[in-house]
Chemist: 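Dropping the structure in here first, questions after.
Residues take their numbers from the sequence shown, with the count starting at 1. Read the numbers this way: they start at 1 and go in the same order the structure lists the ligands and their atoms.
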Amino acid sequence: MSGRYVDLHCHSTASDGTLPPAQVVRLAVERGLSALALTDHDTIDGVAEAAQEAQRLGLDFLPGIEISAEFPHPGTLHLLGYGVDPHSQVLRDLTTTLLAGRDRRNPKIIAKLNELGVAVSMQEWEGEAKGNVLGRPQLAAVLHRKGYVSSIKDAFNKYLGQDAPAYADKERLTPQRAIEMVLESGGVPVLAHPIQLRTDNDAQLERIVKDLVDHGLGGIEVIHSDQDADNVQKYDALARRFGLLRTGGSDFHGANKQIELGIANGRRIPREWFDALAAAAATAGGRAQR
Ligand code: AMP
Ligand code: ZN
Ligand code: FE
Ligand code: FE
């Protein structure tokens with residue numbers, strides 16, 4: 001398909017989105033996008049279904065994953081891996097590790113909520129997740145349904161956000177290790193939404209990016225729903241300086257967030273960025289197999 005715009009960052013029910021993978025693909029087609037990458041948290045379980053539907057509808061598709069890495073509070077560092085090989089043992093080890101970290105964290109969040117007088121259980125969270133990866137947005141949806149909060153956003157502000165009382169951290173990989181595992185899985189590692197690093201100044205941001213580049217980072221998410229025009233310009237310049245691929249995405253989660261597929265803070269993501277990323281992923285896959 002030859003439309004001019006794409007979306008390289010979105011979530012399905014395989015993690016904490018509200019649309020099944022095939023429906024995300026259908027929505028992409030409805031919105032006139034020509035390519036999509038699915039980037040669920042910690043899993044590629046949605047990728048096969050999405051790829052099949054994309055092929056059926058003639059939408060170009062790249063498998064992806066989003067990994068939360070270690071980073072000092074109040075920032076967060078998320079790494080996107082594009083074109084990872086679903087059959088690679090490294091990728092399986094990676095997702096097993098990430099899901100185990102979640103499994104240890106989640107009951108801590110429930111215990112904290114219970115201590116705060118919020119009657120909610122692991123069973124209710126699991127019911128909302130329907131066998132998929134448990135993320136905080138689904139728990140937020142449960143809290144909303146039970147009337148404890150006025151919205152998903154309110155659930156994060158009151159209980160689940162990083163600075164809120166029911167927050168619990170999960171063990172994470174270091175960014176360097178996450179990059180290494182994406183590379184070993186035949187994928188291209190990309191720094192997601194650099195705005196969320198919450199760096200104090202540009203010099204600090206540059207030092208962080210340089211260190212990641214030294215460890216094999218291949219790209220940077222220039223366009224994202226949380227990034228304004230100044231941010232986009234800054235990250236675009238960083239990409240050029242370090243010879244990084246540019247990527248962009250909405251971070252669509254379905255009804256869990258007020259974000260439209262294919263649109264990131266009013267911007268669209270050019271098709272050329274998908275083509276360069278797909279080409280790099282093909283090369284990375286070849287390297288990893290040798
Ligand atoms: P988890 O992977 O379970 O830690 O949940 C992460 C998800 O929660 C991501 O999709 C985030 O975008 C979402 N999230 C984190 N903080 C907030 C917030 N303050 N408001 C809304 N969503 C959030
Ligand atoms: Zn999410
Ligand atoms: Fe993220
Ligand atoms: Fe995301």
Chemist: If you count the non-hydrogen atoms of other residues, nucleotides and ligands that lie under 6.0 Å from NZ in Lys210, is the total more than 12?
Modeler: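 No, not enclosed.
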
Chemist: Take the Fe ion (ligand 4) as the centre and count protein N, O or S atoms at distances under 2.8 Å.
Modeler: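 Counting protein N, O and S atoms closer than 2.8 Å to the Fe ion (ligand 4) gives 4.
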
Chemist: Can you tell me if Glu126 has over 12 outside heavy atoms packed within less than 6.0 Å of its CD?
Modeler: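 Atom CD in Glu126 is crowded, with more than 12 foreign heavy atoms closer than 6.0 Å.
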
Chemist: Considering residues, nucleotides and ligands other than Gln258, do more than 12 of their heavy atoms fall under 6.0 Å from its CD?
Modeler: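 No - once you tally the heavy atoms of other residues, nucleotides and ligands closer than 6.0 Å, there are 12 at most.
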
Chemist: Shortest non-hydrogen contact from Pro189 to Gly216?
Modeler: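 Nearest heavy atoms, Pro189 then Gly216: CG-O, 3.5 Å.
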
Chemist: Whether the Asp163 and His73 side chains hold a donor-acceptor pair (N or O, under 3.5 Å, no angle test) is what I'd like checked.
Modeler: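 There is such a pair (donor and acceptor under 3.5 Å, judged by atom type) between the side chains of Asp163 and His73.
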
Chemist: Under a 4.0 Å heavy-atom cut-off, what residues line ligand 1?
Modeler: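 Ligand 1 pocket, heavy atoms under 4.0 Å: Asp16, His41, Arg102, Arg105, Gly135, Arg136, Pro137, Lys153, Phe156, Lys170, His253, Lys257.
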
Chemist: For Gln196, enumerate each residue passing the side chain to side chain contact (heavy atoms under 4.5 Å, CB included) test, keeping only those at least two apart in sequence or located in another chain.
Modeler: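 Only Thr76, His78, His193, His224, Asp226 meet the side chain to side chain contact (heavy atoms under 4.5 Å, CB included) criterion with Gln196.
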
Chemist: Distance only, no hydrogens: is a donor on one side chain within 3.5 Å (strictly under) of an acceptor on the other, for Asp251 and Ser225?
Modeler: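 No pair is found: no donor N or O on one side chain lies under 3.5 Å from an acceptor on the other.
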
Chemist: For Asp169, what residues pass the salt bridge (charged side-chain N to carboxylate O under 4.0 Å, His left out) criterion, not counting sequence neighbours?
Modeler: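 If we apply the salt bridge (charged side-chain N to carboxylate O under 4.0 Å, His left out) test to Asp169, skipping adjacent residues, the hits are Arg172.
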
Chemist: Does Lys112 pair with Glu115 as a salt bridge, N-O distance under 4.0 Å?
Modeler: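 No, this pair does not count.
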
